[in-house]
Amino acid sequence: MPNGQWYPPEWPERIRALAAGEITAATPRRAATVMLLRDDAGGSGGPAPLSAGPAPASAPYSGDGLAVHMLRRRASMAFAAGAYAYPGGGVDPRDDDRLVGWAGPSRDVWARRLGVDAASAQAIVCAAVRETYEEAGVLLAGESAGTVVDDTTGDGWEADRAALVERELSFADFLDRRGLVLRSDLLGAWARWITPEFEPRRYDTWFFVAALPAGQRTRNASTEADRTVWIRPAEATEAYDRGELLMMPPTVSTLRELRSYGTAAEALAGADGRDLTPVLATARLEGGELVLSWPGHDEFTKRLDATGPDGPGGVGAGRTDAAHPADAAGPTGPVGPVDPAGPAESADSAGSGGPVDPARSADSAGRADRSPR
């Protein structure tokens, strides 16, 4: 049974073109994405199980344990259409140049943790916090080092959020205007993935975890998503394994890792000391096959006929080396597996919830495609 691994049908030909020197690898842009977490108690309200079919946005959820906030990318998006992902986006270069209001571990501490210089560390952490606010309406900032904003609703907040999305307002100016400091201590660095060299748009993406602040509610504030949901990591990966949810390898990998944590606090504590060595897919010829693999993540390995589109099997033919069996190419259409939760545009159950790069590459609907995660 095919799983929900996102696998564009043009990848084999692009891999061959890169190997032949016909295309040059693009330089990846820095990006950040956030796995927003909350603790769900039975009957508290949350996502309807995805296997239950179409459900209203605020359907009650009786599950217990850790839940993660995810969004589904619109079918019109040029990149990873229909895939489930986390809020996130590209770094705004302005965040390299100006000190922002800051609380928590220093920029130097974050620089050592992320493996970059202090200015880049500030920009990456700013991207994580800004994009979570832009796409989910959740702001990891407060008036002091010991406080967090508890309400980001209202016309004024929405005007500021829209100005951030359009890059009319820098994040530093936004914090200054509101008298806020970024709460870097509310984030935990989790992983780092780099888009494969054969992709035309590439991102060097740091993944973070953060707990939903008390009083704040997520909403679908992203123009790139048609649905958001709070879901337990185990439920999401099981739906992926059944081929019901389309996801990219970094999303699946981080969800599987979250399954071992029972609360948001445990996951945040677990982020300390995690290995942030970048994960970058490699391609090689082996016994007449083209092998695409992500080091340390064997379940995503693909084996393809190396003879090209005119040879036996053609582009996309092949098989998967994985503990979670899949068909040769995974989902090959623009949207992938059918989402049993239904196609309706909807808000998540906590309210009315990834990524934009500053280059603002337009998708087929004329919106910005902000897609590192």
Side-chain angles (χ1 to χ4, degrees), residues 30-39 66-70 85-92 95-96 99-150 152 164 171-172 174-175 180-193 203-216 218 233 250-251 254-255 257-258 261 263-276 278 353-355 372-373:
R30 296 169 300 164
T33 191
V34 176
M35 298 177 282
L36 195 59
L37 309 174
R38 77 178 187 194
D39 299 332
L66 180 70
V68 60
H69 178 72
M70 303 190 74
Y86 312 116
V91 163
D92 183 343
D95 292 333
D96 287 283
L99 292 179
V100 303
W102 192 275
S106 69
R107 295 162 182 81
D108 289 336
V109 170
W110 276 107
R112 291 191 294 272
R113 182 73 182 103
L114 301 179
V116 297
D117 59 55
S120 294
Q122 172 180 280
I124 292 163
V125 173
C126 281
V129 175
R130 187 192 67 249
E131 292 288 340
T132 303
Y133 179 53
E134 289 182 10
E135 298 195 345
V138 171
L139 183 59
L140 304 176
E143 294 181 353
S144 67
T147 63
V148 185
V149 173
D150 61 4
T152 60
L164 286 169
F171 195 58
F174 165 72
L175 293 175
L180 301 173
V181 292
L182 180 154
R183 290 285 307 275
S184 76
D185 56 313
L186 300 181
L187 290 166
W190 193 266
R192 182 180 177 185
W193 289 65
Y203 300 91
D204 185 353
T205 305
W206 282 263
F207 285 70
F208 296 86
V209 289
L212 178 69
Q216 294 196 41
T218 54
T251 312
T254 50
L255 283 169
E257 291 163 349
L258 286 173
Y261 298 93
T263 67
E266 289 177 5
L268 279 165
D272 292 341
R274 279 187 57 86
D275 184 5
L276 297 186
R373 74 273 179 218

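Every heavy atom of this structure was used, including side-chain atoms; hydrogens, water molecules and symmetry mates were not.
- Residues forming a side chain to side chain contact (heavy atoms under 4.5 Å, CB included) with Leu268 (at least two apart in sequence, or on another chain): Val209, Ala211.
- Annotation: side-chain hydrogen bond (donor to acceptor under 3.5 Å, both in side chains) contacts of Ser106 (sequence neighbours excluded): none.
- For residues 123-148, the set of pairs meeting the ring pair (Phe, Tyr, Trp, His ring centres under 6.0 Å) definition, not counting sequence neighbours, comprises Tyr133-Phe174.
- For Val181, the side chain to side chain contact (heavy atoms under 4.5 Å, CB included) test picks out Ala103, with sequence neighbours left out.
- The aromatic ring centroids of Trp193 and Tyr86 lie 6.0 Å or more from each other.
- Pro278 pairs by the side chain to side chain contact (heavy atoms under 4.5 Å, CB included) definition with Arg192, Ile194, not counting sequence neighbours.
- Listed by chain and number, the residues in a side-chain hydrogen bond (donor to acceptor under 3.5 Å, both in side chains) with Thr263 amount to none (sequence neighbours excluded).
- With hydrogens and angles disregarded, a donor-acceptor distance shorter than 3.5 Å links the side chain of Trp206 to the backbone of Leu114.
- Residues meeting the side-chain hydrogen bond (donor to acceptor under 3.5 Å, both in side chains) test with Asp275, sequence neighbours left out: Thr277.
- Taking a 6.0 Å sphere around CD of Glu266, one finds it holds more than 12 heavy atoms contributed by other residues, nucleotides or ligands.
- Applying the salt bridge (Lys or Arg N to Asp or Glu O under 4.0 Å) test to pairs two or more places apart or on separate chains, none has a residue in residues 102-122.
- In this structure, the side-chain hydrogen bond (donor to acceptor under 3.5 Å, both in side chains) partners of Asp185, at least two apart in sequence or on a different chain, are Arg183.
- Legend: residues meeting side chain to side chain contact (heavy atoms under 4.5 Å, CB included) with Ala141, ordered by chain and number and at least two apart, are Leu139, Leu175, Leu180.
- If you check the side chains of Thr254 and Trp190, you find no donor sitting under 3.5 Å from an acceptor.
- Salt-bridge formation is detected for the pair Asp96/Arg30: a Lys NZ or Arg NE/NH1/NH2 atom is positioned less than 4.0 Å from an Asp or Glu carboxylate oxygen.
- Counting heavy atoms from C-beta on, the side chains of Gln216 and Val148 come closer than 4.5 Å.
- If you check the side chains of Trp102 and Gln122, you find no donor sitting under 3.5 Å from an acceptor.
- With values rounded to the nearest 0.5 angstrom, Arg274 atom CZ is found 11.0 Å from Phe207 atom CZ.
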